[in-house]
Number of protein chains: 2
Amino acid sequence: MIKKSTLKIGDTASIKNVISSKMIDDFAIISNDNNPIHLDEEYASKTIFKKRIAHGLLVSSFISATIGQSLPGFGSIYLSQSLKFLAPVFINDEITTLIEVLAFPRVGRVLLKTECLNQDNKIVIKGEALVIPPKDTELII
Amino acid sequence: MIKKSTLKIGDTASIKNVISSKMIDDFAIISNDNNPIHLDEEYASKTIFKKRIAHGLLVSSFISATIGQSLPGFGSIYLSQSLKFLAPVFINDEITTLIEVLAFPRVGRVLLKTECLNQDNKIVIKGEALVIPPKDTELII
C-alpha cells in the first residue's frame with residue numbers, strides 16, 4: 001500500500017486480484033445479477049465467451065478498492081467513474097488494477113486514469129475517476 | 001421482469017433492492033475494499049456520513065443486473081457505464097434502479113439512462129450505459 005500525504009500528476013499505484021468462482025457466485029447474490037453467462041459453465045460454453053465471465057462491476061470494484069486504500073488512499077471520496085468494458089474476464093484471471101493521477105481539474109479534485117489488465121497485459125476495463133482526496137493531502141502542481 | 005423482443009426510445013424498467021449489512025461485508029471481501037467507512041460503525045459515526053455507507057460499486061451493480069435481466073434483458077453485452085455518486089447509501093436503504101432507453105446511437109447499440117434512487121426519491125447514483133441488446137431484439141426507431 002502507498003499512503004501519500006502529497007499527490008502529484010503521474011503518481012501511480014497498482015493492486016493485483018485473482019478472480020475466483022466464489023467471487024462471481026457471491027457477487028451474483030449481492031447484485032441479484034444471476035445471468036447464467038456468469039454462473040452456468042454449460043450455458044457459457046455455448047456463448048461467444050466459451051467460459052463463465054466475471055461481472056463487469058465485480059472487476060471494476062478493484063478500482064474503487066485501489067483508490068480508497070492506495071491512491072489517493074484512505075478517506076478519499078469517490079465522485080464519479082467511467083468504465084469501458086473492453087474484454088471478458090474469466091475465472092483464474094489475474095487482474096492488475098492501475099491508477100494514475102492525470103490532473104487536478106479543480107481545487108481539491110483529483111482526476112485518475114483507471115485501468116484493469118489481465119495476465120496477458122490486455123486492458124479489460126479502462127476509464128477515469130474523479131475523487132476528493134483525503135483531507136491531509138497536499139496536491140503538488 | 002420485462003422481457004422484450006422489441007425496444008424503443010422511452011422504454012423503462014426498474015428493480016428494487018434493500019441494502020443489508022451482509023451485502024456490504026460480502027462486497028468488501030470480494031473487492032478487497034475494507035475501508036472502515038463501509039465496515040466499522042464506530043469509525044463511520046465520526047465521519048461526515050455518521051453511519052456505515054455502502055460501496056458505490058455495490059449499488060452500481062444493481063444497474064448491470066437490471067440491464068442484464070430486464071432491459072434490454074438476458075443476453076445483453078455491457079460496453080460502457082458512467083457513474084456519478086451523488087449521495088451516500090446506508091444499511092436498510094431501499095434502492096430503486098431505473099433504466100430508460102435514451103437513444104440508438106449506432107446500429108445495434110442502445111444508450112440507456114441509469115439511475116439509482118433511495119426511499120426518499122433522492123438520486124444517489126446517475127449515469128449512462130451503452131449496451132448491445134440480445135440478438136433477437138428489434139430496435140424500433
Side-chain angles (χ1 to χ4, degrees), chain A residues 15-20 22-38 43 47-49 53-70 73-86 88 97 125-132 135, chain B residues 15-20 22-38 43 47-49 53-70 73-86 88 97 125-132 135:
Chain A
I15 283 183
K16 287 194 184 194
N17 296 77
V18 177
I19 301 291
S20 69
K22 180 171 171 23
M23 267 182 190
I24 296 174
D25 293 346
D26 288 349
F27 191 88
I29 293 168
I30 295 171
S31 64
N32 202 27
D33 185 344
N34 299 306
N35 192 320
I37 190 70
H38 304 305
Y43 173 89
T47 70
I48 54 166
F49 301 118
I53 60 169
H55 304 73
L57 289 180
L58 188 172
V59 183
S60 306
S61 76
F62 304 150
I63 295 173
S64 65
T66 310
I67 289 171
Q69 298 192 34
S70 186
F74 194 69
S76 298
I77 296 177
Y78 207 15
L79 297 179
S80 71
Q81 177 73 57
S82 63
L83 299 163
K84 287 192 179 180
F85 305 108
L86 300 177
T97 302
I125 299 177
K126 75 171 181 180
E128 292 182 355
L130 186 67
V131 305
I132 302 174
K135 279 181 197 162
Chain B
I15 283 184
K16 286 195 185 193
N17 297 76
V18 177
I19 302 291
S20 69
K22 178 170 173 26
M23 268 182 188
I24 297 175
D25 293 347
D26 288 350
F27 190 90
I29 292 168
I30 295 171
S31 65
N32 203 27
D33 184 345
N34 299 306
N35 192 319
I37 190 71
H38 304 304
Y43 173 89
T47 70
I48 54 165
F49 301 118
I53 60 169
H55 303 74
L57 289 180
L58 188 172
V59 183
S60 306
S61 75
F62 304 149
I63 296 173
S64 67
T66 310
I67 290 171
Q69 298 192 34
S70 185
F74 194 68
S76 298
I77 296 177
Y78 207 16
L79 297 179
S80 70
Q81 177 73 57
S82 64
L83 299 163
K84 287 192 180 180
F85 304 107
L86 300 178
T97 301
I125 298 178
K126 73 171 182 183
E128 292 182 354
L130 187 68
V131 305
I132 301 174
K135 277 180 198 164

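This structure is a prediction, so every number in the text was calculated from the model and none was measured. Chain naming here is simple, since letters A, B, ... match the order of the sequence lines and numbering starts at 1 in each.
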> In terms of the angle between their ring planes, are B:Y78 and A:F85 parallel, tilted or perpendicular, with boundaries placed at 30° and 60°?
Replying inline: parallel
> Using a cut-off of under 4.5 Å for heavy-atom pairs, which of B:S20, B:S80, B:G75 has the most such pairs with chain A?
Replying inline: B:S80
>> For chain A, which candidate among B:L86, B:N34, B:I48 shows the most heavy-atom pairs at distances under 4.5 Å?
In response: B:N34
Heavy-atom contact with chain A under 4.5 Å, split by part of [X]:
{"X": "B:N17", "value": "side chain"}
{"X": "B:I77", "value": "side chain"}
{"X": "B:I37", "value": "neither"}

> To the nearest 0.5 Å, what is the distance between CG (A:D26) and CG (B:D26)?
Replying inline: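 Between A:D26 CG and B:D26 CG, I get 6.0 Å after rounding to 0.5 Å.
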> Looking at CD of A:E128 and OG of B:S82, how far apart are the two atoms once the value is rounded to the nearest 0.5 Å?
Replying inline: 12.0 Å
>> At a 4.5 Å cut-off on heavy atoms, which part of A:I24 comes close to chain B: side chain, backbone, both, or neither?
In response: neither
>> Between A:I29 and chain B, with a heavy-atom cut-off of 4.5 Å, which part of the residue counts as in contact: side chain, backbone, both or neither?
In response: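 Interface part for A:I29: neither.
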> Taking all atoms of both residues into account, what is the closest heavy-atom pair of B:N35 and A:G68, and its distance?
Replying inline: ND2-O, 4.2 Å
> B:Q69 and A:N32: which non-hydrogen atoms are nearest, and at how many Å?
Replying inline: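 For B:Q69 versus A:N32, the nearest heavy atoms are NE2-O, 2.6 Å.
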Could you pull out all donor-acceptor pairs under 3.5 Å where a side-chain atom in residues 56-64 of chain B meets a protein atom, sequence neighbours excluded?
{"from": "B:S60", "atom 1": "OG", "to": "B:G56", "atom 2": "O", "distance (Å)": "2.7"}
{"from": "B:S61", "atom 1": "OG", "to": "B:L58", "atom 2": "O", "distance (Å)": "2.6"}
{"from": "B:S64", "atom 1": "OG", "to": "B:S61", "atom 2": "O", "distance (Å)": "3.2"}

